[in-house]
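Worksheet for the structure shown next.
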Protein chains: 2
Amino acid sequence: MSCQTGNIGRVFHALGDPTRRAIVEKLSEGPISVSQLTQPLDITLAAVLQHLQVLEESGLVRTEKIGRVRTCSIEPGGLSAAEKWIRDRRTLWERRLDRLGELLAESGEE
Amino acid sequence: MSCQTGNIGRVFHALGDPTRRAIVEKLSEGPISVSQLTQPLDITLAAVLQHLQVLEESGLVRTEKIGRVRTCSIEPGGLSAAEKWIRDRRTLWERRLDRLGELLAESGEE
DNA sequence: GGGATTGTCAAGTGAATACTTAAGTATTGT
DNA sequence: ACAATACTTAAGTATTCACTTGACAATCCC
């Protein structure tokens with residue numbers, strides 16, 4: 001299996017920060033360097049680097065350094081665990097609501 | 001529209017905490033009271049209450065007090081904004097990777 | 001009424017967070 | 001070689017967080 005589970009907490013925590021979400025959104029358009037990433041944000045490059053570390057540890061982002069520039073890109077499977085967790089919750093309680101609906105319909109019929 | 005956007009940050013932040021995820025998971029099975037919610041968790045009722053406040057503000061959970069017991073339940077649309085954000089990112093970069101794949105295939109063919 | 005249950009509120013505490021600054025280290029271009 | 005670029009690292013700071021304690025309120029049951 002491609003994705004280690006147990007990162008769900010880290011992923012949600014990473015996405016809880018607006019700057020980090022902005023980084024992920026930017027990277028969705030394609031890979032760019034740390035300084036390019038920093039430019040539109042209103043914080044120092046050092047701060048961006050710290051966010052990138054969080055994002056890497058959560059498995060959402062991958063970075064590679066070539067020469068003096070570190071290029072950041074989306075890790076394509078990074079969101080799947082979180083997506084699955086959400087989907088699982090949804091189906092669980094939708095199923096529950098359906099059962100509830102049936103019960104109400106039955107009791108209304110007789 | 002049923003869901004206020006702008007909560008995405010709050011939702012992700014709320015789900016970043018393991019205790020809060022445990023609460024949501026428990027509530028997925030059905031509505032229960034605050035003390036029932038507290039019982040399996042290793043923290044005080046007051047702490048659970050604080051988590052519940054975060055969850056309510058994020059739109060993930062709804063609570064209602066009847067008599068002396070406050071009953072907590074899932075707010076069924078609460079995850080949709082987060083789900084949409086994730087889906088949007090995914091389709092964005094999958095589309096990008098597809099284009100990239102096409103380019104590589106083309107250059108390999110000739 | 002009185003005692004148990006269930007929840008509420010307000011401080012307070014220690015740890016984690018998101019930043020900054022400042023002083024490095026490589027790498028590249030001239 | 002030298003200067004600019006692009007990042008790295010460490011230390012410090014203010015804020016936010018998760019949690020506790022303890023005093024309080026409301027409700028239920030006998």
Side-chain angles (χ1 to χ4, degrees), chain A residues 6-27 29-75 78 82, chain B residues 6-27 30-75 82:
Chain A
N7 297 40
I8 307 138
R10 270 186 239 207
V11 170
F12 282 134
H13 170 247
L15 295 178
D17 182 86
T19 305
R20 249 145 20 207
R21 271 199 315 284
I23 290 175
V24 171
E25 285 169 7
K26 187 69 181 174
L27 290 182
E29 300 167 10
I32 55 177
S33 74
V34 179
S35 40
Q36 282 176 308
L37 215 39
T38 304
Q39 194 190 303
L41 302 171
D42 213 22
I43 54 178
T44 55
L45 190 143
V48 173
L49 227 59
Q50 285 166 6
H51 283 304
L52 280 172
Q53 204 183 329
V54 173
L55 287 167
E56 259 195 287
E57 280 165 3
S58 76
L60 286 170
V61 162
R62 183 197 331 157
T63 79
E64 187 193 9
K65 190 166 186 180
I66 298 175
R68 66 181 164 178
V69 37
R70 176 172 296 276
T71 302
C72 315
S73 51
I74 289 292
E75 178 77 62
Chain B
N7 296 41
I8 306 137
R10 271 187 239 206
V11 171
F12 282 135
H13 171 246
L15 295 179
D17 183 86
T19 305
R20 251 149 14 211
R21 272 199 316 282
I23 290 177
V24 171
E25 285 170 7
K26 186 70 182 174
L27 290 181
I32 55 177
S33 74
V34 179
S35 40
Q36 283 176 306
L37 215 39
T38 304
Q39 193 189 304
L41 302 171
D42 212 22
I43 52 176
T44 54
L45 191 144
V48 172
L49 227 60
Q50 285 166 5
H51 284 304
L52 280 171
Q53 203 183 329
V54 173
L55 286 167
E56 260 194 286
E57 281 165 2
S58 75
L60 287 170
V61 162
R62 184 198 330 157
T63 80
E64 188 192 8
K65 190 166 185 178
I66 298 175
R68 67 182 163 177
V69 39
R70 176 172 297 276
T71 301
C72 314
S73 51
I74 288 293
E75 178 76 63

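Below, chains carry the letters A, B, ... as their sequence lines are ordered, and counting in each starts from 1. Because the structure is predicted, anything quoted here is derived from the model rather than measured.
Every residue two or more places apart in sequence or in another chain that forms a salt bridge (charged side-chain N to carboxylate O under 4.0 Å, His left out) with A/E29 is listed here: A/K26.
Across the protein-nucleic acid pair, A/Q36 atom CD and D/dA6 atom C1' stand 11 Å apart, rounded to whole Å. If you measure from atom CG of B/L49 to atom C1' of D/dA18, you get 14 Å, rounded to the nearest angstrom. For the pair A/Q53 CD and C/dC19 C1', the computed distance is 15 Å after rounding to whole Å. The CD atom of B/E57 sits 14 Å away from the C1' atom of D/dT16 (whole-angstrom rounding). The distance between atom CD1 of A/I32 and atom P of D/dA6, rounded to the nearest whole Å, is 13 Å. Rounding to whole angstrom units, CD of residue B/E64 and C1' of C/dT6 are separated by 16 Å. For the pair B/L55 CG and D/dA18 C1', the interatomic distance rounds to 13 Å; values are reported in whole Å. Here D/dC17 presents its P atom at 11 Å from CZ of B/R10, a figure rounded to the nearest Å.
In terms of position along DNA chain C, the nucleotide closest to B/R70 lies nearer the 5' end than the nucleotide closest to the other residue of the pair A/D42 and B/R70.
For B/S33, no side-chain nitrogen or oxygen approaches OP1 or OP2 of C/dT6 to under 4.0 Å. For C/dT17, the OP1/OP2 oxygens have a side-chain nitrogen or oxygen of A/H13 closer than 4.0 Å.
Surrounding CD of B/E25 are more than 12 heavy atoms belonging to other residues, nucleotides or ligands, all under 6.0 Å away.
Using a 4.0 Å heavy-atom distance criterion, A/L45 is classed as a base contact.
Within residues 15-25 of chain B, the residues having any heavy atom under 4.0 Å from DNA chain D are, by residue number, B/D17, B/T19, B/R20.
Side-chain contact between B/I74 and B/V24 is present, with heavy atoms from C-beta onward closer than 4.5 Å.
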With sugar-phosphate taken as primed atoms, P, OP1 and OP2 and all else as base, the protein-contact string of nucleotides 21-30 of chain C at under 4.0 Å (heavy atoms; B, S, -) is B-----BS--
